[in-house]
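Below is one structure, written out as structure tokens; comments come after it.
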Amino acid sequence: MAWNKLTYTGWGRARVASGLVARPERRSTLSRDLAETRAPAFGMRRSYGDVALNDEGRAYDMTRLDRVIAFDPATGGVEVEAGMPIGDLGRAFANKGWIPPVMPGTGFATVGGCIANDVHGKNHHVMGSFGQHVTAITLIQGAKTRKITPKSAPDLWQATVGGLGQTGVIASAKLQLMPCKGDMMVLTERRIDGLDAFLVAFDESRTDYTVGWVDATATGARLGRGILEEGEITSGINKSRDAVKSVPFNAPSWALSAPVVRVFNELYFRRVPAKGRTSVKPITEPFFPLDAIHNWNRLYGKRGFHQFQCVVPMDQVEVLRMMLTRIGTSGLASPLAVLKKMGTGRGGYMSFPMEGYTLAVDFPNRDGAEEVISELTDMAHDAGGRIYFAKDSVASAAQIAGMYPDQDTWAKAVAKADPERTFETDLVRRLGLRDGTGAA
């Protein structure tokens, strides 16, 4: 297999890696090469920070391993290679009456990446996390290939799901799809005047898919205002072709300046009528709202951006209020800010989800942004919450200490699965996760 020297980034582009990358086309080739050259794997690199990076090291690009291996139309069980984008999987089977139970915010995330980060979707309060719907994983650990299930290897399973790719390379996986009526969605949008009203709306919602866009520039009486989206999959097949646009170059720095963002957010808030509205859309639009704009990360300019995402317990609403106040007064927030209510579902020791409220906000990579994110991380820690490693590029080991109560158990399972401890990603090194320096 050919190794090429590449410089590559995560989706946020604020962190950069340079190293040798191989792009296998067959699982047999990957198995042979891993027996000699152990290295971490990445997919489409839709994680925002450095979880997919291995600076000055080697890595496997899994994007050519994107085939469907088997599908049972009677049960909805499907086996796919790890490089399959989750959006492609959804589009392939929705018109057959099946869909992945959990969809992250982008269809470009690969199945392997969805497992390694145990991603969640807009229906987490109903269906839990992605890893809870995986039934088997083919894991390559050097010269050894293992097919594991939750029953055959429970400790290794929980260390792999949400385990940031540290137990070996995920080559393929079996998933249990859920029945669906079609690939259309009834989407209801309504304005929400503030944070308290948002939390009431989440409690009262009875739909499977629920998410809130938040105006992260709002302060005072308007703090936490935004738009609530509630969706249900409905019958019908989308016969239209998705229109795709692209951002051709890096935007200038003023494009996301504080005055511009405030004006944009005001217009975006008012695009929904005061009485709300309901429409029927192809499921790809509400599932993956930004995928129709390729390279949208260029809107943040050549320096890229960071995202902060945390979850805090249900009884820590005042901390959410403090976070939104800090963000709104920083002058650094972008238009992309999301609030969701999460349930208890999680698939592994290091899975992000916990019952509570999750807040995600993008920040252009400008002076002061990392300091604000660091303050928000401390707030999440002190509230008994945690940050999402798939998005992080700023936190220190000391800041995440105690956030994940099963971290020691995970580190021991990783050491047992990989006694030689031959590779780590940049994020794992930065946070000292495998060495336990981030543990409680």
Side-chain angles (χ1 to χ4, degrees), residues 1-11 17-55 57-70 78-90 92 100 103-104 106-119 130-131 134 136-148 160-175 291 348 389-390 417-418 422-428:
M1 192 187 313
W3 291 88
N4 299 302
K5 184 68 176 291
L6 297 178
T7 297
Y8 59 102
T9 71
W11 189 244
S18 182
L20 294 173
V21 176
R23 196 179 180 197
E25 296 189 12
R26 294 286 185 271
R27 283 176 291 161
S28 57
T29 304
L30 175 65
S31 297
R32 286 196 303 269
D33 212 65
L34 272 166
E36 298 181 0
T37 308
R38 303 198 64 179
F42 60 73
M44 299 286 282
R45 289 178 283 113
R46 255 33 186 204
S47 51
Y48 285 33
D50 52 359
V51 67
L53 309 185
N54 188 24
D55 193 29
R58 295 178 183 246
Y60 290 97
D61 179 339
M62 301 289 286
T63 53
R64 287 179 177 167
L65 296 172
D66 60 354
R67 302 167 184 85
V68 175
I69 300 169
V78 65
E79 183 174 10
V80 299
E81 293 179 326
M84 163 75 75
I86 192 66
D88 288 356
L89 183 63
M103 294 284 216
T106 173
F108 292 114
T110 61
V111 168
C114 288
I115 295 170
N117 293 284
D118 196 20
V119 299
F130 189 88
V134 180
I137 297 171
T138 299
L139 199 60
I140 305 178
Q141 301 168 315
K144 180 171 61 176
T145 298
R146 301 180 60 180
K147 181 166 283 189
I148 63 171
T160 299
V161 174
L164 308 173
Q166 294 299 293
T167 60
V169 172
I170 299 170
S172 63
K174 290 183 178 180
L175 316 174
D291 283 1
F389 295 141
D418 178 19
T422 52
F423 64 78
E424 296 175 341
T425 62
D426 287 1
L427 176 136
V428 173

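This chain uses plain numbering: 1 for the first residue, then up along the sequence.
Closest non-hydrogen pair, A82 versus M62, comes out as CB-CE, 4.2 Å. In this structure, V80 and I69 approach most closely via the heavy-atom pair C-CD1, 4.0 Å. Shown here for R27 and A171, the closest heavy-atom pair between the two residues is CD-O, 4.3 Å. Residues V169 and A39 approach most closely at CG2-O, 3.6 Å, considering heavy atoms. Nearest heavy atom pair, residue D426 against residue D55, reads OD1-N, 3.0 Å. The two atoms that bring T110 and G83 nearest to each other are CG2-O, 3.5 Å, heavy atoms only.
In this structure, the side chains of T138 and K174 stay at 4.5 Å or more apart for every pair of heavy atoms. Taking the side chain as every heavy atom from C-beta outward, P104 and I86 approach each other to under 4.5 Å. Looking only at side-chain heavy atoms (C-beta outward), L53 and F42 stay at 4.5 Å or farther from each other. By the 4.5 Å heavy-atom criterion applied to side chains, E25 and L65 are not counted as neighbours. Annotation: side chain of Y60 is in contact with side chain of D33 (closest heavy-atom distance under 4.5 Å). In this structure, E79 and V68 have side chains that are not in contact, with every pair of non-hydrogen atoms separated by 4.5 Å or more. Side-chain contact between L139 and K144: absent, with no pair of heavy atoms (C-beta onward) separated by less than 4.5 Å. Taking 4.5 Å as the limit, some side-chain heavy atom of L89 sits within range of a side-chain heavy atom of L175.
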| message | For a side chain to side chain contact (heavy atoms under 4.5 Å, CB included) check, start with the C-alpha distance between I140 and L30, then their side-chain angles and the critical distance, and finish with the verdict. | response | CA-CA 9 Å; I140 305 178; L30 175 65; 3.9 Å; yes
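In this structure, OG1 in T9 is found 11.0 Å from CG in D50, a value given to the nearest 0.5 Å. Between K147 atom NZ and S172 atom OG the span is 6.0 Å, to the nearest 0.5 Å. Rounded to the nearest 0.5 angstrom, I170 CD1 and I115 CD1 are separated by 5.0 Å. One distance of note links SG of C114 with CE of M103; it measures 9.0 Å at 0.5 Å rounding.
Checking side-chain atoms of D118 against main-chain N and O of G131 turns up a donor-acceptor pair under 3.5 Å. Judged by distance alone, the side chain of Q141 and the main-chain N or O of T167 form a donor-acceptor pair under 3.5 Å.
Judged as a side chain to side chain contact (heavy atoms under 4.5 Å, CB included), and not counting sequence neighbours, the contacts of R32 are S28, T29. Taking R45 as the reference, nothing meets the salt bridge (charged side-chain N to carboxylate O under 4.0 Å, His left out) condition, with sequence neighbours excluded. When the side-chain hydrogen bond (donor to acceptor under 3.5 Å, both in side chains) test is applied to D291, the partners found at least two apart in sequence or on another chain are T106. Every residue two or more places apart in sequence or in another chain was checked for a side-chain hydrogen bond (donor to acceptor under 3.5 Å, both in side chains) with R146, and none qualifies. By the side chain to side chain contact (heavy atoms under 4.5 Å, CB included) test, T63 pairs with R23, M44, D61, sequence neighbours left out.
In this structure, R38 fails the cation-pi test against F423, since its NZ or CZ atom is not both closer than 6.0 Å to the six-membered ring centre and inside 45 degrees of the ring normal.
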For residues 1-8, which side-chain N or O atoms pair as donor and acceptor with protein atoms under 3.5 Å away, sequence neighbours left out?
{"unit_1": "Y8", "atom_1": "OH", "unit_2": "N54", "atom_2": "N", "d": "3.1"}

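Between R26 and E81 there is no salt bridge, since none of the side-chain N atoms of the basic residue sits less than 4.0 Å from a carboxylate O of the acidic one.
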